[in-house]
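Keep in mind that what you see is a predicted model, and the values were worked out from it rather than measured. So that the names make sense, note that chain A is the first sequence line, chain B the second, and so on, each numbered from 1.
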2 protein chains.
Amino acid sequence: MSRSRTTDKSPIPSVWTREQRRTDQPALSREAIVREAIAMLDAEGIEALSMRKLGSRLNAGATSLYRHVATKDELMELAVDEVAAEIHVPPAGGPDWRAAVTEAAGSFRTTALRHPWLTLVLGQAGLAYLGPNYMSFSERLAALFTAAGFPEPSRAIDAVFSYVIGMSTTEAAWLTTVARSGETESDFVARLLPAAQQASAGYDHLAAAGPETSAQAADPAKLRDDKFAYGLEVVLDGLALRLPK
Amino acid sequence: MSRSRTTDKSPIPSVWTREQRRTDQPALSREAIVREAIAMLDAEGIEALSMRKLGSRLNAGATSLYRHVATKDELMELAVDEVAAEIHVPPAGGPDWRAAVTEAAGSFRTTALRHPWLTLVLGQAGLAYLGPNYMSFSERLAALFTAAGFPEPSRAIDAVFSYVIGMSTTEAAWLTTVARSGETESDFVARLLPAAQQASAGYDHLAAAGPETSAQAADPAKLRDDKFAYGLEVVLDGLALRLPK
DNA sequence: TCCGCTGTGCGTACAGTGTTCGCATCGAAG
DNA sequence: CTTCGATGCGAACACTGTACGCACAGCGGA
C-alpha cells in the first residue's frame, strides 16, 4: 500500500529508473514538505493540516516528516518564511516614497489574503520574523524608509505595518469565515445582513455609522480595498508630517 | 472522586445546606464556565485550555460543559466577548477627542496584553464581534468618533483600530514567547540579542535602523509603550487632517 | 566481498484532544 | 406519587502531535 521511493526491489537497477525516481518522486525533503504544507494550508485551511494528511500527500508516513522538520510549529514557521518571499518591496531611493510604501503594504495585504493562515501564525509565532525571507523583507523596508528620509525608520515601519497587519488579520479572518460558509462573499453578506441589523438594533451610532447598508453588499471586495487604502493614506499622511522637510 | 452538587445524598435536606450549595459551588453555568475558562487562558495560555481540564477545574466532567456551551469555539467567542467588557471607552462629546481616542486605544491594548489569547481568537473568530459587549464597545466608539465630527466615523475607527489590533497582536505574540521562556522580558531580550544580531548580519539598513542595541534591553516594556504611543500619534495626526475644520 | 555506519522511512504506541450518545439522577409540577 | 424536562457524566470514536525502535539503502574502508 504505502510505497517508498523504490517501486518494488527494482529488478534491473539502471540509471534510467533511478533518474526517473529522482524527478518523479523527489524524495522527502524539507523544501518539498514545506511546499506541500503551504498548498494544503491554502486549499483547506489551517485546522485541516495534520502531519498524517501531509505525509500521505507526499506518499510518506506521518512520522517520516520528522526527519526533516523538528516539530509542527517549526514547519509552520518555515511555511511563513517561505510565503514571506512573495511580498514585494520596491527598491529604495525612488522618487515617490509614498507610492513605494503603498506598493509594499498592498503586497503584504494580498499575500496575507492569498494565505489566510499567515496572520494567524504570525500572531502565535515564536520568532518567525527571524527567517531569511522575512529578514530580507524587513531589510528592504528599512532601506526604503531610510532612503525616504525618516529619522526613525523602524518606528515609521512599525506604525505602517501594524496597521497593515491589523487590517489584513481582520480581513483574513473574515474571508475564512466566508469561505467556510461555502458562499460567495456577496451572498454571505446578504444573508448576514438581517442578523447584523438586528444585533445593532438599539445602538444608534452604530446603525448610523456602520456600513451595513444593503447597497454595499454589491461589491464587498471593492469595499475592503477602499477601506484598506483609506486607512493607509491616513497613516502615510501622519508619517509625512514627521519627514524633515 | 468527581462529585456533583450534592455532597452525598444529603441526609437532612434543609434550606441551609441548599443555600450553602448555591453560593459555595455555584453549579455549572455558562457564566461560571466562561469565567473559569478565562482564568485558565490567562494563566496557562491558549493551548493549555482543554475541555477536560476546564471541566475538572469546575469539579465537573468534561462532557457536562456541553450542556451550557455548544462547542469549544463558541466558548472562545464567549470568552472574547466577556473580556471585551474590560475595554474602556470615554463618553462621547468631550472637549478633547484625541485624548479620548488615545484612552480607548490604550485600554484595548492593555486588555489585549492582559489576555494574550484575545487577538489570537479575534484572528480566527467567525463573528466574535457580534457579542453584546463587543457591540457596545463598537457603539461607544462610533459615538465618540461621530461626536468628534468625523464625516465617515467607521472608516476612521477602522484606521485607528487596525493599527491598535496589529500592534497589540504583535506585542501579545512577543509576550507569549517571552512567557514561555520563563525569563523576564529583559533577560530574554539580552539572551536573544546575539542571535538577532547574527541574523541581521549583512543587512545594513536593518542593523542601522533596528532597535537591537543592548542599551535598550534595560526597559523593554517602556520601549513598547513608547512605540505604541508613537504609532498612535501618527494615525491620529493623519485622521486630524480629515476633520472638517 | 564483507563490515559497519549513517541517513532515511515507517509501524506502533502513548497520551492527549473535541465531541456524541445513552443512561442516571434530581428538582419541580401536576 | 408520578411524570417530565433539565442536568451531569462514563464510555466511546475518530482524531491529533510526536517518541521510539526497527529495517534497510547506500557508501567508505578493510
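- If you find the closest nucleotide of DNA chain D to A/Lys72 and to B/Arg67, the one lying nearer the 5' end belongs to B/Arg67.
- A salt bridge links A/Glu44 and A/Arg57; the closest N-O separation between the charged side-chain nitrogens and carboxylate oxygens is under 4.0 Å.
- A/Ser64 has a side-chain polar atom (N or O) that falls below the 4.0 Å cut-off from OP1 or OP2 of C/dC10.
- Residue-to-nucleotide contacts include no donor-acceptor pair under 3.5 Å from the side chain of B/Arg52 to the base of C/dG16.
- Distance, B/Tyr66 OH to D/dG10 C1': 15 Å, rounded to whole Å.
- In this structure, B/Leu28 atom CG and D/dC9 atom P are separated by 7 Å, rounded to whole Å.
- In terms of phosphate contacts, A/Thr63 brings no side-chain nitrogen or oxygen within less than 4.0 Å of OP1 or OP2 of D/dT18.
- OP1 or OP2 of D/dT16 has at least one side-chain nitrogen or oxygen of A/Ser50 nearer than 4.0 Å.
- In this structure, the CE atom of A/Met51 is 18 Å from the P atom of D/dC15, given to the nearest Å.
- Rounding to whole angstrom units, CD of residue B/Glu47 and P of C/dG18 are separated by 12 Å.
- Taken from CZ in B/Arg140 to CD1 in B/Ile87, the straight-line distance is 8.5 Å, to the nearest 0.5 Å.
- Residue B/Leu65 contributes atom CG, which lies 11 Å from atom C1' of C/dG18 at whole-angstrom precision.
- The aromatic rings of A/Tyr163 and A/Phe228 lie parallel to each other, with less than 30° between the two planes, well short of the 60° mark.
- For A/Met76 and D/dT16, the CE to P distance is 14 Å, given to the nearest whole Å.
- With values rounded to the nearest 0.5 angstrom, B/Leu223 atom CG is found 9.0 Å from B/Glu185 atom CD.
- Residue-level contact check: B/Leu49 touches the backbone only, with heavy atoms under 4.0 Å from sugar-phosphate atoms and none from bases.
- Not one side-chain nitrogen or oxygen of B/His68 sits closer than 4.0 Å to the OP1 or OP2 atom of D/dA6.
- In this entry the distance linking CG of A/Leu58 with P of C/dC10 reads 10 Å, nearest Å.
- The CD atom of A/Gln124 sits 13 Å away from the P atom of D/dG17 (whole-angstrom rounding).
- For B/Tyr129 and A/Trp174, the ring centers sit 6.0 Å or farther from each other.
- The residue A/Leu54 sits apart from the nucleic acid: no heavy atom pair falls under 4.0 Å.
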